[in-house]
Amino acid sequence: KKLAKREGVTLFVVLLSAFNLLLRQFADQRELIVFTSVPCRTRPEFRNLIGLFSNFIPLQTNLARNPRFTDLLLVVQKAYSGALGHQDLPFENIMKELQSGQESVDESLSQTLFVFENAAKKSLSFSQCELTALELKTGFTKFDITLFMQEKQEGLIGSLRYKAGKFSGEMIELMVSRFSTVLKEVATQPEKRIQDIRCLSPAERSILLDARNGGGNGNVSAKRKPT
């Protein structure tokens, strides 16, 4: 949060930038597309309607110039601000356009969603009713990988949802562990260039590269670093 305040961006932008950096190393791609969800109540007639009005917008980030992390924050902020101007475009139409030019994007990590929630949940009370919030687990995910981050009074918490048919549990555990590593490094050394922020060992990078080339399943040993 201190980094976000100092650089004049939101915590959402800092977390998304760090997630982009993580994906760049796992996918070995310099151009990434990550979706995020936005409330879609842009029309005055929607404001008093009950129901979920939201849409997914793609945020494209090019990391080819090896920017400093502080510069990456501005790139992501600009991409997000620009995408908000097109938030009414149907998600299905966006996916068709992206899939038509997907040759330049790593297919295994091309359908990725980042969700950040920092709004305090308000409790509802009625004279004759008692409401209890339940966590809904459907076992279904629209995207290949979805990172959920939530800001609470005690700090940040997160969870990673993925399609088991595309990723091994070991790889996902490694991503979770290394995301924590990336966050710590960018918080303490934000002026570093992104290629100098390494979260994978040479052996782990070799295994992932072999898996992308069809020589393995990408299973790597995930050893969590102490926090």
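Remember, predicted model here, so these are calculated numbers, not experimental data.
Residues Leu160 and Ile157 do not share a hydrophobic cluster, defined by chaining ILVMFWY side chains whose heavy atoms lie under 4.5 Å apart.
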* Go through the steps to decide whether Met149 and Val115 satisfy the test side chain to side chain contact (heavy atoms under 4.5 Å, CB included), and finish with yes or no. => CA-CA 6 Å; Met149 295 295 297; Val115 178; over 6 Å; no
* Asked: Step by step, would you call Gln77 with Glu7 a side chain to side chain contact (heavy atoms under 4.5 Å, CB included)?
  -> CA-CA 11 Å; Gln77 177 67 61; Glu7 297 300 322; over 6 Å; no
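Applying the ring pair (Phe, Tyr, Trp, His ring centres under 6.0 Å) criterion to Tyr162, with sequence neighbours excluded, gives no partner residue. In this structure Lys192 satisfies the salt bridge (charged side-chain N to carboxylate O under 4.0 Å, His left out) test together with Glu185, sequence neighbours excluded. The ring pair (Phe, Tyr, Trp, His ring centres under 6.0 Å) check on Tyr80 picks up Phe12, with sequence neighbours excluded.
The local environment of NZ in Lys163 is crowded, with over 12 non-hydrogen atoms from other residues, nucleotides or ligands closer than 6.0 Å. Within a 6.0 Å sphere centred on CD of Gln153, heavy atoms belonging to other residues, nucleotides or ligands number 12 at most.
Counting heavy atoms from C-beta on, the side chains of Leu84 and Ile57 come closer than 4.5 Å. Using a 4.5 Å cut-off on side-chain heavy atoms (C-beta onward), Gln150 and Phe116 make no contact. With a 4.5 Å cut-off on side-chain heavy atoms, Leu32 and Gln60 do not count as touching. Put simply, the side chain of Thr112 does not reach to within 4.5 Å of the side chain of Thr146, judged on heavy atoms. Looking at heavy atoms from C-beta onward, Phe69 lies out of side-chain contact with Asp71 at the 4.5 angstrom threshold. Proximity of Ile197 to Leu21: side-chain heavy atoms (C-beta onward) are separated by under 4.5 Å at one or more points. Contact check for Leu23 versus Met175: side-chain heavy atoms found under the 4.5 Å cut-off. Put simply, the side chain of Phe179 does not reach to within 4.5 Å of the side chain of Lys184, judged on heavy atoms.
Considering CG of Leu113 and OG of Ser37, their distance stands at 6.0 Å, rounded to 0.5 Å. Arg68 contributes atom CZ, which lies 10.0 Å from atom CG of Asp196 (distance to the nearest 0.5 angstrom). Note that the CG atom of Leu59 and the OG atom of Ser17 stand 10.0 Å from one another [nearest 0.5 Å]. Taking CZ from Phe19 and OG1 from Thr61, the interatomic distance works out to 11.5 Å, rounded to the nearest 0.5 Å. Expressed to the nearest 0.5 Å, how far CG of Leu73 lies from NZ of Lys78 amounts to 15.0 Å.
Under the 3.5 Å distance criterion, the side-chain polar atoms of Glu173 are left unmatched by any main-chain donor or acceptor of Glu170. With Asn62 contributing its side chain and Glu31 its backbone, the two residues share no donor-acceptor pair below 3.5 Å. With Thr36 contributing its side chain and Phe114 its backbone, the two residues share a donor-acceptor pair below 3.5 Å. Remark: the backbone N or O of Pro67 is not paired with any side-chain donor or acceptor of Arg193 at under 3.5 angstrom. Between the side chain of Gln25 and the main chain of Cys199, a donor-acceptor pair closer than 3.5 Å is present.
Here the closest heavy-atom approach between residue Val186 and residue Leu183 is recorded as CG2-O, 3.4 Å. Considering every non-hydrogen atom in both Gln195 and Arg24, the closest pair reads NE2-NH2, 3.7 Å. Nearest heavy atom pair, residue Ile33 against residue Pro58, reads CG2-CB, 3.9 Å.
A side chain to side chain contact (heavy atoms under 4.5 Å, CB included) with Val13 is found for exactly one of Leu16, Leu15, Val9, Leu11, namely Val9.
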